[in-house]
Number of protein chains: 2
Amino acid sequence: MYVFAMAILERAHLEIIRAVDQQGSLTAAAETLHLTQSALSHTARKLEDQLGVAIWHREGRSLRPTQAGAYLLSVANRLLPQLDQAEALLRQFANGERGVLRFGMECHPCYQWLLKIVSPYLAAWPAVDVDVKQKFQFGGIGALFNYEIDLLVTPDPLYKAGLTFTPVFDYEQVLVVGPGHPLRQCAFVQPKQLSDETLITYPVEIDRLDVYTRFLTPAGVSPRHHKTIETTDIMLQMVASGRGVAALPRWLVEEQSAKFDVAPVKLGRRGVDKQIFVGYREADAGINYLQAFVELARSYRQSQ
Amino acid sequence: MYVFAMAILERAHLEIIRAVDQQGSLTAAAETLHLTQSALSHTARKLEDQLGVAIWHREGRSLRPTQAGAYLLSVANRLLPQLDQAEALLRQFANGERGVLRFGMECHPCYQWLLKIVSPYLAAWPAVDVDVKQKFQFGGIGALFNYEIDLLVTPDPLYKAGLTFTPVFDYEQVLVVGPGHPLRQCAFVQPKQLSDETLITYPVEIDRLDVYTRFLTPAGVSPRHHKTIETTDIMLQMVASGRGVAALPRWLVEEQSAKFDVAPVKLGRRGVDKQIFVGYREADAGINYLQAFVELARSYRQSQ
DNA sequence: TACATACATGAACAAAATTAATCGATAGAT
DNA sequence: ATCTATCGATTAATTTTGTTCATGTATGTA
């Protein structure tokens, strides 16, 4: 394995130089390296020939490092531990103990959900790092295929060859109203009842908003105004102060009702039920820290 | 060359990983490494098998690094330059451009002389480092044989097999007297004239002091007092203030006479002439930065 | 002087890495 | 849609390299 004509110094040479220094003789070094003395003698001489420098002074039957040898020893002591560590780390990669889990998020409630689940996961997998990305040039599915992310959290699974989606969270999408809102006491709201309201949503395309696709649009209704807000907290603040109504997961509203004076109202008689899925490449099914995340997510779903 | 069963990651692997990243494909990498595409493909696959980790995702006809691959790339970018630099430095060793010249000093005037000559030498050989040692368990010759030092500067050459000595400096050892000293006007001093004096010398054994071995002892004379002082400056200060007389090289006294009010007096009618030699191992005769030092020293001798 | 120990050497052998030839897949051009 | 150039994988043959075995030489020691 010579790769370049120029490259002479191999890892094995450094191992030999270090072993000879530690053991004090070629023969002893050969033993620790599980080789014969002859093999080391040959290799050492060849290295010296190629470098054009003596590495040891031969004085009778002992080897004393030359200046070049002393320098090489310092190189060996510096670089060999780094190579050893690299191999150890790769072994962790191989065993699936170490890795980076890159999440892609396609919806705002997904993000809220991930926050809850990531912290027990990190505790269980200390050698795994987590990264979250939210913008994708070719959509979440494309990011999965391009290996930009490893897990996609989305309400819209796409059953496509090479990808696996698993439901991890069920929730009901509800209307959120502020204090003293006329709809607050209703068992449910009908589309027409929003035609005079200001609807506040996250800033995404309308066909990705369930209030539209599964509630307003089928009934041919539009709200009087439509405002977009980035963050959930501000959105709830707006609703609590009577500036409009919003559509959010019921669990999120209930969690935040202690903080903001808001109440959930069912969307339509039947309600709007949603699911969040995680998707990953089938090729990655064997990565155990990835599987572990999916399992953890599923177990959370059971417990609710 | 496998050395350990454990060691997998070789320099060549890192070269391949770096080249594939830089060139963008196996085929292009093979070209820059002067190998065939097949060779790289084999080596890469074998490495992945041994590590148990994929280094690249194979997507159609392109290679995209996996997490492990990205990590290995960072290792390669960190370690390969260090290996390259080590080889470059060894090449300098091989060409005799680089090295460390370790001096051993066996006499105080030798040290004074070395100080004068080292600075032009360092200017001429910027890649050579100089180190000076003054204490030796088995004497200067022993230090030479033990490779503790590379050059011995001494007034006492020992023509022994394996060593070469060259005279590099001739000087006259003289008595140094202070202002108003009765001997100051004499053309020379005789041993008896020192029997009432205080003699100041460096702190070494008497049989290594030329005032004794070549002047006082042959005449059976001893000075009244004998004091020892480490440093030349303090010694001259003592002499200048009339606390005693000393024996030093004439050139040193003349150099310092501007600074201290001292004068040289010949030791005996004939004077005491001395030589400084540098000795080195014959085995090192081929080291050109060592030869260069000896040459430089000799040329200084000529010019004086 | 004999003996043990350490490194060097040459030839034979074993184990690799490398190559050549070929295949299948893919992206881009016509 | 088809063709073509390009890329990586594969197999078998070849070459190179590393290792061992047996032996030699030098050195320090009982």
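Proteins get letters first, then strands, A, B, ... in listed order; numbering begins at 1 in each. Just so it is clear, the model here is predicted, and its values are computed rather than measured. Side chains included, hydrogens not; waters and symmetry mates left out as well; all remaining heavy atoms used.
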Task: Separation of atom CG in A/L47 from atom C1' in C/dA8, rounded to whole Å - done: 16 Å

TODO: Starting from P on D/dG18, measure out to CG on A/L33 and report it in whole angstrom.
DONE: 15 Å

TODO: Respond yes when some side-chain nitrogen or oxygen of A/S41 is under 4.0 Å from OP1 or OP2 of C/dA8, and no when none is.
DONE: yes

- [ ] Taking side-chain contact (heavy atoms from CB on, under 4.5 Å) as the test, write out the residues that go with B/H57, two or more places apart.
- [x] A/Y147, B/E59, B/R64, B/T66

- [ ] In whole angstrom, give the distance that lies between atom CD1 of A/I55 and atom P of C/dC7.
- [x] 15 Å

Open item on the list: Rounded to whole Å, please give me the gap between CH2 in A/W56 and P in D/dA26.
Closed with: 21 Å

Task: Whole angstrom value for the distance that separates P of C/dA14 from CG of A/L35 - done: 18 Å

Open item on the list: Is there a side-chain contact between B/R61 and the phosphate of D/dA5, meaning an N or O under 4.0 Å from OP1 or OP2?
Closed with: no

- [ ] Would you kindly check whether a donor in the side chain of B/Q37 faces an acceptor in the base of D/dA9, or vice versa, at under 3.5 angstrom?
- [x] yes

Task: Nucleotide C/dT5, atom C1' - distance to CZ of A/R58 in whole Å - done: 17 Å

- [ ] Could you tell me the separation between the CD atom of A/Q50 and the C1' atom of D/dT17, rounded to a whole number of Å?
- [x] 11 Å

TODO: Choose from D/dG8, D/dT20, C/dA8 the nucleotide whose nearest atom is closest to any side-chain atom of B/L63.
DONE: D/dG8

Open item on the list: Within a 6.0 Å radius of atom CD on A/E230, are there more than 12 heavy atoms belonging to other residues, nucleotides or ligands?
Closed with: no

Task: Under 3.5 Å donor-acceptor pair, A/H42 side-chain atoms to C/dG10 base atoms - done: yes

Open item on the list: Would you say that more than 12 heavy atoms from the other residues, nucleotides or ligands in this model lie under 6.0 Å from the OH of A/Y111, or not?
Closed with: no

Open item on the list: Counting only heavy atoms from other residues, nucleotides and ligands, does the tally under 6.0 Å from CD of B/E31 exceed 12?
Closed with: no

TODO: Classify the nucleic acid contact of A/S38 as base, sugar-phosphate or nothing, counting any heavy atom under 4.0 Å across all strands shown.
DONE: base

Open item on the list: Measuring to OP1 and OP2 of C/dC7, would you say a side-chain N or O of A/T27 lies under 4.0 angstrom away?
Closed with: yes

- [ ] Evaluate whether atom CD of A/Q291 has more than 12 neighbouring non-hydrogen atoms of other residues, nucleotides or ligands under 6.0 angstrom away.
- [x] yes

Open item on the list: OP1 or OP2 of D/dT20 versus the side-chain N and O atoms of A/T36: is any pair under 4.0 Å?
Closed with: yes

- [ ] Round to a whole Å and report the spacing from CZ of A/R45 to P of D/dT17.
- [x] 18 Å

